[in-house]
Amino acid sequence: MNGVANISLAAESRQGRISFIDLAAQQRRIRPAIEHRLQAVLDHGRYIAGPEIEELEALLAERTGAAAAVACASGTAALIIPLFALGVKQGDAVFIPSFTYNATANAVLVTGATPVFVDIDPATFNMDPVDLKKKIAEIRTKGELTPRALIPVDMFGSPANYTSIAKIASDEGLSVLSDGAQSFGGVFNNRLVGNLAPATATSFFPGKALGAYGDAGAVFTQDADDIDEWMSIRWHGTDNERKTSVRVGFNGRMDTFQAAVLLEKLAIFDDELAARRQIAETYDARLSSIARPQQHLSGAQSGCAYYSLCVENRDAVVEQVNKMGVPTAIYYTTPLHEMPAFAEFAPDETLAATNAVAKEIFALPMHPYLTPDQVDYICDVVEAAASQ
Ligand SMILES: Cc1ncc(COP(=O)(O)O)c(C=O)c1O
């Protein structure tokens, strides 16, 4: 009997079924409170722009230290709203990592601007400031596009290098929009995600660390003067009376039911985040000698939406780990510059770290309801598979 089979036998008495993300366990914990909130929406009937929206916006701003937060339809809407407000348009270059979810690029393309792909730091999986500078210089030299904005992404919840990025943006006269879709709860230099950049988009997709029961997102600002325009864009670009269109906008609203759910989930978020961080610490301690877990910058704490690590023989390790009852995911097997929809924007890119990480990365179960036994078992299984 080999080592892996031994673990399998031991596992049957040590752990039940392991979920990659366990929304059912969370729901069992807060279901009466959520039902109460949903009942309140059914009673007042304001399914759009109900009082829960403003309540949520106030709480989100208060807890992140942002000047204000605007609830919106999705993380994608949260990216598009500030890009529209900045006036990003055709002929502009917007610098984004290629190692991200496709929404980051789609939001840029919706404005008519061109995404320019920047490589990542192979340890943090976040935008590499050195390559960012290089790509800005290349675009200036070519002279076809106007460098206009940049969108760092806080991959898996870990804040990007906002110190270097803010300096480059200021030197180059570029706007910064943080894609914090995965990083609600993250911290950098004692400031929370939402208050790390002039504008920050986050997603409340159900599988995120703070997730709704449908699509939802929010955009945060460090300058409260932004929000009138953002709220107008969110409501088809209308004026305060919502009668006349004064700018181009779209339906970017969050519905009231989602706000009701999020209010109850926000109440337990800190407790859940502490559990996520504890699990990430155990994974780091147990797995750093046989794999390369995501590194965090000094002063950064991840929001721990996902836990990803690199191993050389990724596909074989994943196969073995899955066989042992541990679910995994791969974010992202294909970087954006290799996807048909975006390849034309990266004809001659060299994104060496992005390409290398995409071949080796995979994600382990990460949710606050994993038991210590389950975490232990997952580590045993990954250790055994990676050492074979
Ligand atoms: C990095 C990143 N940006 C943007 C988004 C878009 O968020 P949503 O699905 O809520 O539109 C996601 C969602 O997964 C994401 O991971």
Side-chain angles (χ1 to χ4, degrees), residues 20-21 23 56 60 69-84 94-111 115 117-118 120-121 124-127 149-160 162 165 176-186 193-194 196-197 199-220 233-234 250-255 257-259 261-262 265 294 302-308 329-337 339 341-342 354 357-358 361 363 366-367:
F20 187 72
I21 290 172
L23 294 178
L56 178 68
L60 288 173
V70 173
C72 44
S74 64
T76 309
L79 286 166
I80 295 171
I81 289 169
L83 287 173
F84 272 21
V94 179
F95 300 85
I96 67 170
S98 172
F99 192 72
T100 178
Y101 187 55
N102 53 21
T104 318
N106 280 330
V108 174
L109 286 161
V110 162
T111 69
F117 295 117
V118 177
I120 50 167
D121 175 326
T124 64
F125 313 146
N126 281 332
M127 185 184 263
L150 54 102
I151 309 182
V153 179
D154 300 338
M155 194 43 61
F156 308 130
S158 188
Y162 287 95
I165 284 166
V176 181
L177 164 61
S178 160
D179 183 339
Q182 303 177 7
S183 61
F184 188 77
V193 166
L196 299 179
T200 301
T202 201
S203 166
F204 300 129
F205 182 81
K208 297 287 194 277
L210 178 62
Y213 283 163
D215 280 309
V219 56
F220 301 84
I233 293 168
R234 170 179 79 170
F250 61 105
N251 177 357
R253 299 179 299 252
M254 180 190 291
D255 74 72
F257 280 115
Q258 301 310 329
V261 170
L262 286 165
K265 292 212 187 183
Q294 180 180 31
S302 179
C304 293
Y306 307 98
Y307 185 92
S308 283
I330 299 181
Y331 312 112
Y332 300 93
T333 39
T334 311
L336 299 190
H337 69 280
M339 291 188 177
F342 310 118
T354 299
V357 167
I361 200 156
M366 171 50 80
H367 63 79

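Whatever order the structure lists them in is the order used to number ligands and atoms, beginning at 1.
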When you compare ligand 1 with Thr100, is there at least one nitrogen or oxygen pair between them that comes in under 3.5 angstrom? no
Looking only at heavy atoms, is any part of Met155 under 4.0 Å from ligand 1, and if so is it the side chain, the backbone, or both, or is it neither? neither
Less than 4.5 Å apart, side chain to side chain, heavy atoms only: is that true for Ile151 and Phe95? no
What is the nearest protein non-hydrogen atom to atom 12 (C) of ligand 1, stated with its residue, atom name and distance? Tyr101 CD2, 3.5 Å
So do Leu262 and Tyr213 actually touch side chain to side chain, heavy atoms under 4.5 Å? no
min-distance protein heavy atom vs atom 16 (O) of ligand 1 -> Gln182 NE2, 2.9 Å
Can you confirm whether the side chains of Tyr101 and Ser203 place a donor and an acceptor under 3.5 Å from each other? no
For Ser203, the ligand 1 atoms with a heavy-atom partner under 4.0 Å come out as 7 (O), 8 (P), 10 (O)
Quick check against the 3.5 Å criterion: does Arg234 have a side-chain atom that pairs as donor or acceptor with the backbone of Ala73? no
Under a 4.0 angstrom heavy-atom cut-off, which atoms of ligand 1 come close to Lys208? 13 (C), 14 (O), 16 (O)
Can you sort out which atoms of ligand 1 are near Ala103, meaning under 4.0 Å from one of its heavy atoms? 4 (C), 5 (C), 6 (C)
Using a 4.0 Å cutoff against the non-hydrogen atoms of Gly75, which atoms of ligand 1 qualify? 7 (O), 8 (P), 10 (O), 11 (O)
How far is atom 2 (C) of ligand 1 from its nearest protein heavy atom, and which residue and atom is that? Ala181 CB, 3.4 Å
Within the 4.0 Å heavy-atom cut-off, what Val153 brings close to ligand 1 is side chain
What residue and heavy atom of the protein are closest to atom 3 (N) of ligand 1, and at what distance? Asp179 OD2, 2.7 Å
Output yes when the distance from some N or O of ligand 1 to some N or O of Phe204 is under 3.5 Å, and no in every other case. no
Is Thr354 close to Ile120 at the side-chain level, that is, under 4.5 Å between some pair of heavy atoms? yes
Under 4.0 Å from a heavy atom of Ser74: which atoms of ligand 1 are those, numbered in the order shown and with their elements? 10 (O), 11 (O)
Are any of the N or O atoms of Thr76 closer than 3.5 Å to those of ligand 1? yes
With a 4.5 Å limit on heavy-atom distance, are the side chains of Val193 and Phe184 in contact? no
I'd like to know whether the aromatic ring centres of Tyr307 and Phe156 sit less than 6.0 Å apart in this structure. no
Check whether any side-chain heavy atom of Met155 lies under 4.5 Å from a side-chain heavy atom of Phe99, and answer yes or no. yes
Consider only side-chain N and O atoms of Ser183 and Asp154, and report whether a donor and an acceptor are under 3.5 Å apart. yes
